[in-house]
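Below, chains carry the letters A, B, ... as their sequence lines are ordered, and counting in each starts from 1.
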Amino acid sequence: MAAYETHEYDVLVIGAGGAGLRAAIEASATGVRVGLVCKSLLGKAHTVMAEGGMAAALANVDERDGWQVHFADTMRGGQYLNQWRMAEIHAKEAPARVNELEAWGALFDRTQDGRILQRNFGGHAYPRLAHVGDRTGLEMIRTLQDHGIHQGMTVHMEITVTTLLKDGERVAGAFGYDRERGRFRVFKAPAVIVATGGLGKAYKITSNSWECTGDGISLAYHAGAQLKDMEFVQFHPTGMVWPPSVSGILVTEGVRGEGGVLTNSEGRRFMFDNIPELYKELVADDAEEGWRYVVGDREARRPPELLTRDHVARMILAEVKAGRGSPHGGAFLDISWIKDRVPGGAEHIKRKLPSMYHQFKQLADLDITEEPMEVGPTTHYAMGGVKVESDSQMTNVPGLYAVGECATGLHGANRLGGNSLSDLVVFGKRAGEHAAEHAREVGPAVVREDDVEAAAAEALLPFDREDAREGPFQLQQALQQLMQDNVGIIRDEADLDRGLEALAELGRRAGAVKVHGNREWNSGWHTALDLVPLLTVSEAIALAAKERQESRGAHTRDDYQGKDPEWGKVNLVVEKAADGSMQVRREPIEPVPERLAKIIEEQG
Amino acid sequence: MPNATFRIWRGDSEGGEFKDYRTEYSEGMVVLDVVHKIQAEQANDLAVRWNCKAGKCGSCSAEVNGQPQLMCMTRMNTLPVERPVTVEPMQAFPVERDLVTDVSVNYEIKKRIKPFTPRPPDREDGTWTMHQSDVERSQEFRKCIECFLCQDVCHVDRDHHYHLDGKFIGPRFFVHAAYLDMHPADEADRLEELKDRDGIGYCNITKCCTVVCPEHITITDNAIIPLKERVADRYYDPLTRVLRVIGVGR
Ligand code: SF4
Ligand code: SF4
Ligand code: FES
């Protein structure tokens, strides 16, 4: 082991997006030694892509808002599969976490009276999202980054962790490689927080960056942690569909929050055609009422474009399927029409949605203040992930924590927009605090040299193999295509079976993949190693999707349409069996306590 | 599908050379797409840094036909393809491999700058009363995605390497200092450091940084000149100040 660069910490945080940074800040504040490992450069994590805002019941814009309403909205959005305790903590603590960002230098957009401005978003009863134009994620990550670097943590950039190390039952650290030289690194720590974000790269069309290969979920799974709710993958309704090379890139929900409307090729605002039962009372009767809601009329109800993401995504797909889609297979999203309704017209749109304006101008030669955009669903977010204890974020592996997108519990069957940024900081703080406490209590863990050698040997396998027919990039593309086709937005048993079979076959092919060249900045090698987590999370998604024989939230089964109350009582847990195979089982949902059930009822 | 030749710099800190790759590309593709296509089909071990492919993370900075730009935001139809498209790493930073450079100096510079230091909060919930008009100036600087293209193009870095020597923080960090300086709640004073340690005097307002900024931050006019004026107000007499602002004399 002496051969590898080794670092020892009390708390090791893997991932430096919003959740990882916030956890590292909190752990550092308690005075323990903290190491923060990121797959990219600091400040580049996928959090920068978050556009719309950060949900918190500050009640700056509408004083009727409060944690109770936010809690009830989150539970409804999640179709009651959420861990109620996480939804409660999140709703209660999000306002303090937003204010704290301001105290660390963030500059949110302001209300007339000089407070943090909040905007409307799908599924939220009141304007609730603190935001900065359409670049809220950038503001968050930069604030945490600039604050974090002065808190005493050590940052290791461009390092990919391939294995978690254990000391008996408990976690003992992590093993990985640096991208620059391909040198191995060993990190020893009695408390490890995985905060690696999502798994969107398991799909062909996604808003996620190359990093989002489900690393933390896979690392935790192979270390013995349980996964939960893996069948729930959020397809964001509005991704770019043209030109092909940019398809999947996100078009923020903020466009609809500012008044953007969805139409089909016949110019019909099809979202009015089908309002789900759960939301019947909450949606505007007509376009006029919807617009009044957008401009802040408190008597008005929301336009149907601001329904939950799963519903909007399915509605767009249905239009395309019925032959009423846009030329490149999506729907039209028009914000230009509000020009005649607001002072400043085109300038107003550019100020409210600057990144969108530039994105379309530069990548699609389209001026969104003049023309409608073409949009379609894109893989966006994993509601499922590593199962954690609500208050501390600890997994079932002692000392191992998970937080942010790679953890699960807050969002249930469908996440509301804006709830992820607040999730990162609310639970990031908690994970950091609890991990630091745990580290102090249990003291150093022992890393076994054999484990390290085994991890190193495994990471080098792709170099040692016989020449293969397929390279790592071809295999990655094959996996993305198969997940898109068989485990996508609309699922059925035959497809899922085909998908699982194909995944097993792909697993065998991945076991033979060969890479060339040397270890420095070798993308082929990195892609080969990323196949491991991609295959793991893909199998978990497909298994759980096959098991859940109903349609709920983001999980839609063509062969089991509609919700089944029996399925509303269980979550699906995925874990590794003694023989190494992946198993899925049902686990009853802990009932919502009386005091919270009352709140849900009162909020309608 | 049309064809193009990409002339990509391959090598490491010891040296390297341009290599030609002929490839097809389709409508709407950006330079990063083509580089990825070459990586997947012809050069698996080609090193390139990127994340978002949407102009939001600032990872994919390079020089395309000699121009510092984001590869993910440079569309093929903006480039002449009759001749080879050259792609090379940023010149102002040490190369790690192929298109990837060592930008760690930027993280060191950031750490040196006095962090946000607010006055006590105005409100009980720990927040400040700030109006949109008060925050707008700093908000412009917060659009920065830390692509470091402005650092790359600035002659003080590029030709003299003063950023690597610790004598000049460069345009990115004047933008950062300006954000802090113009933040309505910040109380720290960074002028002396700007003048002495951070080398703001080396900037002679060529505006090259403003031209390359993919976020269209008006780096020179809105960040650097106001900071220079504040430094001059405090440390120099009025006449020198006028001369300095217009870029004559030091
Ligand atoms: S204006 Fe100043 S900082 Fe910008 S490129 Fe010119 S010399 Fe460098
Ligand atoms: S100021 Fe502009 S060019 Fe400079 S690093 Fe920031 S975004 Fe890039
Ligand atoms: S890849 Fe993020 S800016 Fe180009």
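- With chain A as partner, the option from B:P115, B:P118, B:G126 having the largest number of non-hydrogen pairs under 4.5 angstrom is B:P115.
- Between chain A and the options B:K143, B:K53, B:M29, B:E136, the largest number of non-hydrogen pairs under 4.5 Å is found for B:K143.
- Ranked by heavy-atom pairs under 4.5 Å with chain A, the first of B:N44, B:D12, B:V30 is B:N44.
- For B:H131, the parts lying under 4.5 angstrom from a heavy atom of chain A are both the backbone and the side chain.
- Contacts of A:I249 with chain B are made by side-chain atoms alone, with heavy-atom separations under 4.5 Å and no backbone atom involved.
- For chain B, no part of A:A96 is nearby; none of its heavy atoms comes within less than 4.5 Å.
- For B:L32, no part sits under 4.5 Å from any heavy atom of chain A, backbone or side chain.
- Contact annotation for B:Y25: neither backbone nor side-chain heavy atoms come within less than 4.5 Å of a heavy atom of chain A.
- Taking the ring axis of B:F148 as reference, the NZ or CZ atom of A:K44 stays within 45° of it and closer than 6.0 Å to the ring centre.
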* Please assess B:H176 against A:D146 for the test side-chain contact (heavy atoms from CB on, under 4.5 Å), listing each intermediate value before the final yes or no. => CA-CA 10 Å; B:H176 182 59; A:D146 292 355; 3.3 Å; yes

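- Within the 4.5 Å cutoff, side-chain heavy atoms of B:H216 are placed close to those of A:H358.
- For B:D186, no part lies under 4.5 angstrom from a heavy atom of chain A.
- Residues A:V48 and B:N51 are not in side-chain contact: their nearest non-hydrogen atoms beyond the backbone lie 4.5 Å or more apart.
- Contact count against chain A (heavy-atom pairs under 4.5 Å) is highest for B:M130 among B:M130, B:K110, B:Q132.
- Interface remark: A:E211 contributes side-chain atoms only to the contact with chain B (heavy atom separation under 4.5 Å).
- Only the side chain of A:W242 comes within less than 4.5 Å of a heavy atom in chain B; its backbone stays farther off.
- For B:L180, no part sits under 4.5 Å from any heavy atom of chain A, backbone or side chain.
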